[in-house]
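Data block below; observations after.
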Amino acid sequence: MDTNSILLLILSVLIAAGLAFFQYVYKAKNKFRLNLFLAFLRFLSFLGIFLLLINPTITRNTLEVEKTPLVVAMDNSSSIPFFNSNKDAKETYLKLVDNTALKEKFDIQSYQFDTDIQLSKTFNFKGKQTNLDVVAQGLQNTFKHKTYPTIILTDGNQTTGNDYEYSFNTQNKVYPIALGDTTKVFDLKINQINVNKYAFYKNKFPVEVFVHYSGNKKTTANFSIQQGKVTISQQVLSFLPEKKTAVVNLVLPANKIGLQLYQATISSSKKEKNQFNNIKKFAIEVMDQKTNIALVSAINHPDIGSLKRAIESNVQRKATLVNSNEINELKKYNVVVLYQPNSSFKAAFDTIKSAGINSFIITGTSTDFTFLNQQQNDLTFKMGSQIEDYFAGFNTQFNLFVINNMGFESFPPLQNSFGNISLKGNVAVLLSSKIRNIDTQSPLLAFTENQGKRTAFLLGENSWKWRLQSFIDNQSFEKYDVFIDKIIQFLASNTSKKSLVVAHELFYNSGDKIEISAQYFNKNYEFDEKAKLSITIENTQSKVVKNYDLLKGSNSYKVNLDGLPAGKYNFTITELNSKERYWNHFEVLDFDIEKQFVNPNFDKLSQLATHTNGKVYLPNQVDDLIQELLKNKEYKAVQKNVIKNTPLIDWIWLLVIIVSILATEWFVRKYNGLL
């Protein structure tokens, strides 16, 4: 308590005593003893009130012991009971968390994890996938700047997420407990199938299959691919102890239009412990139409190669390089990309106009803007000779097709001539341009539609850097390639605008994220933020019907359908106010990734333990692990002196005492006839 508070308390005592003396003793003419008692009560009342007004702070010093956290994380995925290890897992867990010596030394924190991590002391082992990387990230966020041991009860077979071996902080030891039988057994497994999502009718499509063998003897296996009950490919594979993998490359015919489901199977005469991983299904959508795109350019530039790769990442597209001076049969193309047009593009523009072909115009430092103004009426360019860098700004109100912001604002700038670009007519801007975070009020990527003819404008060169940045951000070109594909898809279609636009896949693997997004536009084709969208899903076999509401995001409505069992589904999305509808179908393929293993990944867990200076154990070695933790002198409890300042006004009992004193005084005066 500080000096000012002490002085105020002394003054309060004097004032309370003076007021009580003046009221009950100074004027008293009889009953001297009674008045002294009442004066004492009044003194206590005044003093209590003054204490509440002054509210002095009382400081308390307490000693607290902070124990080192001991994290016990349990793998809650379905692979644990598949290995018949759920009983061992629970028994091992209880030995750890119920050990008296460990509880005395550590603050035991119990977690469970599958695709996510959370605090838990009970486990059902029903997780669909295993993500050990999320354990590392979650613990680093929870126990920042602390040194602590981590025990992970798992089979070590990660099915999603980043490589967990290097995810954990090397300053904190990790002690994995490998669940499952580590004895190597004979097993054949289809590891991975690489196949395009689309093929074209009457064409052939490639299939690449990776097969793995576990065993110590020479063996042969039968590999086949079936469609329904028909076997369309079959061959014999040979394996050796030193050659445990095989790659099967096939070319299959696309003789039926629509979604085609196939099944790859590997089998042997020998009995296997796990046959779930002998079969893997895949599907492909057979299309009866292909989009041909012409890339017209008078110069060589990295953008050309980047665009060609992005366009042809969708096998429905075929991009052909065409020199602006050698334009022949341009009418056979569905879309024409005009890269940095100049006067040599005159024939190309004439053909596009006469044939009504949709175009994608890309400008840059080599563009003849005077010529471009003469060839189109959507944008007016007043450009100078100075070169400027233009950054992108994403327009959330863009409504021509569903597109998500993939971080355009962080992409490298595009180069274009400095000047003014004005819009004429109905122009939809997806990306606006910025110069050093200053909005130029000009478009960077825009779309127009006039009398059924569609045009896209990308006003800047070096978009190849965008594709590279997308790969750096996502470890894949997929997001950028989908972005380009949606532009081409918009240009390749001449259908009128729809009020309800839905984006979804035609098939999903069981356990994967199943998300359907939709956009609803009002009569002015503006994104309607007040729309009410619902989806009805029907399993075509069981006829079970489920209804969900779509939740509004930044520029679309979404529904998450994770957990749907394998099967074929029809669905209908309805806007409840206008009754606008969209219907289609998708299929969930039967594939349980947690049942693809026969042994725990002991080697990977050993590498994790070595990387963090820990050690891997088996369930029957849990007592050794407990002794290791108890003997380790790195983990000591820390005694801290905790200073707590408690305001007196927070003491509820002081208020109770004041009320009691005033009540006592009132009853005494009432009893003695002083009221």
Side-chain angles (χ1 to χ4, degrees), residues 77-78 114-116 124 126-129 159-160 195 197-198 227-228 256-263 279-287 399 401-404 478 482 485-486 489 495 497-522 527-595:
S77 66
S78 59
D114 37 60
T115 56
D116 203 356
N124 57 18
K126 293 183 179 181
K128 297 297 183 183
Q129 293 201 30
T159 58
T160 185
V195 63
K197 290 184 179 181
Y198 303 96
Q227 185 178 22
K256 295 181 181 179
I257 297 173
L259 184 66
Q260 306 300 318
L261 185 63
Y262 299 87
Q263 177 176 290
I279 298 174
K280 185 167 285 192
K281 294 182 179 181
F282 64 96
I284 190 166
E285 182 76 6
V286 179
M287 315 293 292
N399 57 21
F401 50 85
V402 178
I403 187 74
N404 294 321
E478 182 178 358
V482 169
D485 184 65
K486 288 192 174 185
Q489 183 179 354
T495 57
K497 293 182 180 178
K498 297 180 180 179
S499 297
L500 184 58
V501 180
V502 180
H504 66 95
E505 299 289 343
L506 291 174
F507 55 89
Y508 302 88
N509 282 326
S510 180
D512 286 354
K513 185 177 182 180
I514 304 175
E515 185 177 83
I516 297 177
S517 62
Q519 286 184 317
Y520 181 75
F521 305 109
N522 58 25
F527 178 68
D528 191 344
E529 297 186 352
K530 297 182 180 179
K532 296 181 180 179
L533 298 177
S534 67
I535 183 172
T536 300
I537 303 172
E538 180 187 16
N539 188 303
T540 59
Q541 294 156 333
S542 65
K543 303 301 180 182
V544 174
V545 177
K546 295 183 179 181
N547 296 287
Y548 303 93
D549 291 328
L550 276 74
L551 301 179
K552 181 182 173 297
S554 58
N555 65 334
S556 65
Y557 295 83
K558 294 182 180 181
V559 62
N560 191 315
L561 303 175
D562 293 359
L564 284 179
K568 295 181 179 180
Y569 294 87
N570 294 325
F571 72 93
T572 302
I573 294 180
T574 306
E575 204 288 311
L576 300 180
N577 295 324
S578 65
K579 305 304 180 182
E580 184 81 16
R581 291 186 177 184
Y582 172 92
W583 57 89
N584 211 317
H585 66 275
F586 64 86
E587 183 171 354
V588 179
L589 304 180
D590 186 11
F591 176 72
D592 190 347
I593 195 170
E594 289 293 324
K595 294 181 179 180

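Atoms considered below: every heavy atom in the structure, side chains included; atoms not considered: hydrogens, waters and symmetry mates.
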Report task. Sequence neighbours left out, what passes salt bridge (charged side-chain N to carboxylate O under 4.0 Å, His left out) with Asp528? Give chain and number order. Result ->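 Listed in chain order: nothing, the list is empty.
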Taking the side chain as C-beta and beyond, is there a heavy-atom pair between [X] and [Y] under 4.5 Å?
| X | Y | answer |
| --- | --- | --- |
| Lys256 | Val286 | no |
| Tyr569 | Leu561 | no |
| Ile284 | Val195 | yes |
| Leu533 | Leu500 | yes |

Report task. Would you check if the distance from the ring center of Tyr557 to the ring center of Tyr520 is below 6.0 Å? Result ->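 Not under 6.0 Å, so no.
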Query raised in the report: Has Lys486 got more than 12 heavy atoms of other residues, nucleotides or ligands less than 6.0 Å from its NZ?
Result: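 Yes, enclosed.
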Query raised in the report: Considering residues, nucleotides and ligands other than Lys552, do more than 12 of their heavy atoms fall under 6.0 Å from its NZ?
Result: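 Buried by this count: over 12 neighbours within 6.0 Å.
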Requested in this report: Report yes or no: does Glu575 contribute a side-chain atom to a donor-acceptor pair with the main-chain N or O of Ser578 at less than 3.5 Å?
Outcome: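 At least one qualifying donor-acceptor pair exists.
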Query raised in the report: Can you check whether Gly567's main-chain N or O pairs, donor with acceptor, with Glu587's side chain at less than 3.5 Å?
Result: no
**Report entry** Steps toward side chain to side chain contact (heavy atoms under 4.5 Å, CB included) verdict (Gln519, Asn555)
**Finding:** CA-CA 7 Å; Gln519 286 184 317; Asn555 65 334; 4.0 Å; yes
Report task. Kindly write out the residues that satisfy side-chain hydrogen bond (donor to acceptor under 3.5 Å, both in side chains) with Glu594, not counting sequence neighbours, or none if the list is empty. Result ->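 Listed in chain order: Ser77, Ser79, Thr130, Thr159.
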Query raised in the report: Among all residues two or more places apart in sequence or in another chain, which pass the side-chain hydrogen bond (donor to acceptor under 3.5 Å, both in side chains) test with Gln227?
Result: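 side-chain hydrogen bond (donor to acceptor under 3.5 Å, both in side chains) list for Gln227, sorted by chain: Gln260.
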Query raised in the report: Taking the six-membered ring for Trp, are Phe571 and Tyr582 parallel (under 30°), tilted (30 to 60°) or perpendicular (over 60°)?
Result: tilted
**Report entry** Which atom of Val588 lies closest to which atom of Pro565, heavy atoms considered
**Finding:**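 Result for this residue pair: CB-O, 3.8 Å.
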For [X], side chain to side chain contact (heavy atoms under 4.5 Å, CB included) partners two or more places apart:
| X | value |
| --- | --- |
| Lys558 | Asn404, Glu515, Ser517, Ser556 |
| Asp116 | Val134 |
| Ala283 | Leu259, Leu261, Phe507, Leu589 |

Query raised in the report: When rounded to the nearest 0.5 angstrom, what is the spacing between OG in Ser534 and CG in Leu576?
Result: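 Reported to 0.5 Å precision, the distance equals 4.5 Å.
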